[in-house]
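Have a look at the structure below, then the notes.
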Amino acid sequence: MDILYIQKVREENRLLNEKEIKEKKIVLKSKPQNILLILNNVCNLKCIMCEEFMPHKYIISDTLFYDIVNNMKYFDSFSCQGGEPLIFDKFNIILDKTKKFHTHLNITTNGILLNESLIEKMYDMSITLHVSIDGFDKKTYESIRVGASFDVLKKNLQLLNSIKNKQGYKQLRYELFMVPQKLNYTKVVDAVDFAKQYGFSGIRFLQIRVYANKNCLLNNEESLFVKKQIIACMEKVKIEELNINIDTDIPLDYDDERTNCLKNYLIKDFRDICVAPWKTISIQKFQQVSIDCLCNFKKADVVETLEDAWNSQYIQDVRKGLVANKPFSSCMNCYKNSLFKNISGKN
Ligand SMILES: C[S@@+](CC[C@H](N)C(=O)[O-])C[C@H]1O[C@@H](n2cnc3c(N)ncnc32)[C@H](O)[C@@H]1O
């Protein structure tokens with residue numbers, strides 16, 4: 001697809017979107033610029049902290065899937081997750097469409113099903129793989145990521161490392177995702193050496209959700225230990241001048257100079273109010289609408305098309321709440337909101 005045509009479509013959509021934000025429109029004619037899509041809840045692993053396995057299997061309907069990928073020309077980025085995205089039977093369509101429309105593709109994966117032929121398909125694409133790895137030795141990794149083989153993971157990471165600087169793969173990045181929890185919290189700092197060894201460009205430490213298996217949750221002392229280790233990771237990267245970006249949704253000490261860049265990253269959606277619901281959309285399991293931001297939103301409204309989701313009553317209510325300065329409780333409790341207030345001095 002002609003890149004100039006795509007740029008024109010996106011620019012027009014962006015201008016319309018800016019106008020609608022300025023006018024505080026609630027029902028939008030502009031399309032979302034970024035989308036997060038949950039493709040399924042089916043996985044090849046049974047990670048101990050993951051609450052994805054449930055009695056009801058979910059795979060996105062063809063109607064919704066095709067409606068979304070047929071709007072690809074509007075999306076700057078398309079993020080997909082599961083379950084495991086690599087076992088979704090139309091994953092090749094996602095690769096083809098994002099490539100054709102020059103859309104950046106983010107995939108959160110356990111990395112076990114990566115192989116040469118899949119990586120070949122990523123040729124000449126702008127793509128970020130978020131590879132979830134919760135241990136940096138065989139015992140810890142395999143105890144948490146049940147069903148995965150540490151040796152297979154390392155083989156696949158070697159493959160990525162061997163192609164990443166090759167012609168045609170310059171826009172392929174891969175980042176390490178880790179959920180600090182009971183079985184690995186003392187080894188958080190090992191993430192840096194592991195990332196260095198396999199050529200990761202970033203590490204993200206994810207806060208374990210409160211409703212995860214309670215045996216995995218950390219007590220206050222352990223959580224504090226994790227925070228200190230994340231800061232130690234930041235320092236290590238700085239001292240060793242490594243090209244590894246570190247971020248986290250775990251609240252650290254915000255006044256600390258070391259986390260300044262993190263602050264800027266986290267509040268990128270804010271103007272006078274948070275504009276995430278005007279730019280992004282997320283469609284979760286069982287086709288429920290949410291917002292592609294880091295807040296833990298209540299999901300609502302089951303949808304069959306992108307338009308259903310984008311102007312659903314739920315998203316309209318979220319927008320209305322922000323405009324009227326009466327945000328939903330999820331927005332109020334969002335740590336980005338409190339960061340924004342800290343920085344801007346707003347109440
Ligand atoms: C549910 S997984 C699905 C994608 C893919 N199968 C994978 O392993 O990355 C998406 C991300 O959520 C993380 N995750 C799983 N359980 C979690 C929990 N209880 N709290 C926070 N993040 C969790 C995973 O580690 C992974 O990075």
Side-chain angles (χ1 to χ4, degrees), residues 36-54 56-60 78-89 91 94 105-115 118 127-136 140-150 152-153 156-157 160 173-185 187-188 191 194-195 198 200 202-219 222-223 226-227 230 246-251 282-286 288 290 292-297 299 335:
L36 167 69
L37 194 57
I38 306 294
L39 301 170
N40 57 23
N41 67 355
V42 188
C43 194
N44 50 331
L45 306 184
K46 285 198 181 306
C47 304
I48 57 170
M49 72 297 183
C50 184
E51 65 283 352
E52 287 296 321
F53 340 108
M54 34 178 84
H56 304 292
K57 183 171 156 182
Y58 169 66
I59 300 174
I60 186 171
F78 182 98
S79 305
C80 58
Q81 236 198 62
E84 174 52 42
L86 301 189
I87 53 178
F88 178 57
D89 63 353
F91 188 73
I94 296 177
L105 175 59
N106 293 303
I107 309 164
T108 306
T109 172
N110 54 49
I112 292 295
L113 301 171
L114 281 171
N115 56 45
L118 196 56
I127 189 161
T128 306
L129 296 166
H130 302 140
V131 189
S132 307
I133 304 169
D134 299 299
F136 310 108
T140 312
Y141 176 79
E142 291 181 2
S143 311
I144 296 175
R145 300 222 132 233
V146 176
S149 151
F150 194 54
V152 170
L153 173 79
N156 293 349
L157 295 178
L160 285 175
R173 287 164 52 88
Y174 47 101
E175 297 177 351
L176 189 162
F177 273 24
M178 177 192 195
V179 180
Q181 54 191 283
K182 210 67 155 187
L183 287 187
N184 66 13
Y185 80 93
K187 298 173 183 166
V188 166
F194 192 86
Y198 290 101
F200 283 88
I203 304 174
R204 182 174 300 176
F205 298 104
L206 305 171
Q207 170 116 57
I208 189 160
R209 288 185 282 266
V210 284
Y211 46 86
N213 175 347
K214 66 177 183 337
N215 296 327
C216 302
L217 298 180
L218 301 174
N219 63 32
E222 291 159 349
S223 299
V226 165
K227 289 180 191 187
I230 295 175
I246 300 203
D247 74 56
T248 182
D249 61 347
I250 299 174
S282 159
I283 303 177
Q284 304 273 331
K285 282 186 299 249
F286 304 105
Q288 291 178 310
S290 177
D292 180 14
C293 65
L294 300 167
C295 326
N296 202 1
F297 266 87
K299 294 152 206 128
Y335 60 89

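When a ligand or atom number is given, it counts from 1 through the structure's own listing order.
- The parts of Asn110 lying near ligand 1 are both backbone and side chain, judged by heavy-atom distances below 4.0 Å.
- Residue Gln181 places no heavy atom under 4.0 Å from ligand 1.
- Counting the atoms of ligand 1 from 1 in the order shown, those under 4.0 Å from a heavy atom of Gln207 are 20 (N), 21 (C).
- Of the listed residues (Pro180, Cys43, Ser132), the one carrying the non-hydrogen atom nearest atom 27 (O) of ligand 1 is Ser132.
- Remark: ligand 1 and His130 share no N or O pair separated by less than 3.5 Å (distance only, no angle test).
- The heavy atom nearest to atom 24 (C) of ligand 1, out of those in Arg204, Gln81, Glu84, Arg145, is found in Arg145.
- Between atom NZ of residue Lys227 and atom CG of residue Leu218 there is a gap of 10.5 Å, rounded to the nearest 0.5 Å.
- Here Asp134 pairs with Arg145 under the side chain to side chain donor-acceptor pair (under 3.5 Å) rule; sequence neighbours left out.
- Assignment of Cys216 to the shell around ligand 1 is not supported, since no heavy atom sits closer than 4.0 Å.
- Only the side chain of Leu206 comes within 4.0 Å of ligand 1, counting heavy atoms alone; its backbone N, CA, C and O stay farther away.
- Residue-ligand proximity: Met178 is placed with every non-hydrogen atom at 4.0 Å or more from ligand 1.
- Counting heavy atoms closer than 4.0 Å to ligand 1, residue Asn213 contributes nothing at all.
- Counting only N and O atoms by type, the side chains of Ser282 and Gln284 include a donor and acceptor under 3.5 Å apart.
- A donor-acceptor pair under 3.5 Å is absent between the side-chain atoms of Glu222 and the main chain of Lys182, judged by distance alone.
- Within the structure, the closest approach of Cys47 to ligand 1 does not fall below 4.0 Å when heavy atoms are considered.
- Scanning for side chain to side chain donor-acceptor pair (under 3.5 Å) contacts around Glu175 gives Arg173, with sequence neighbours left out.
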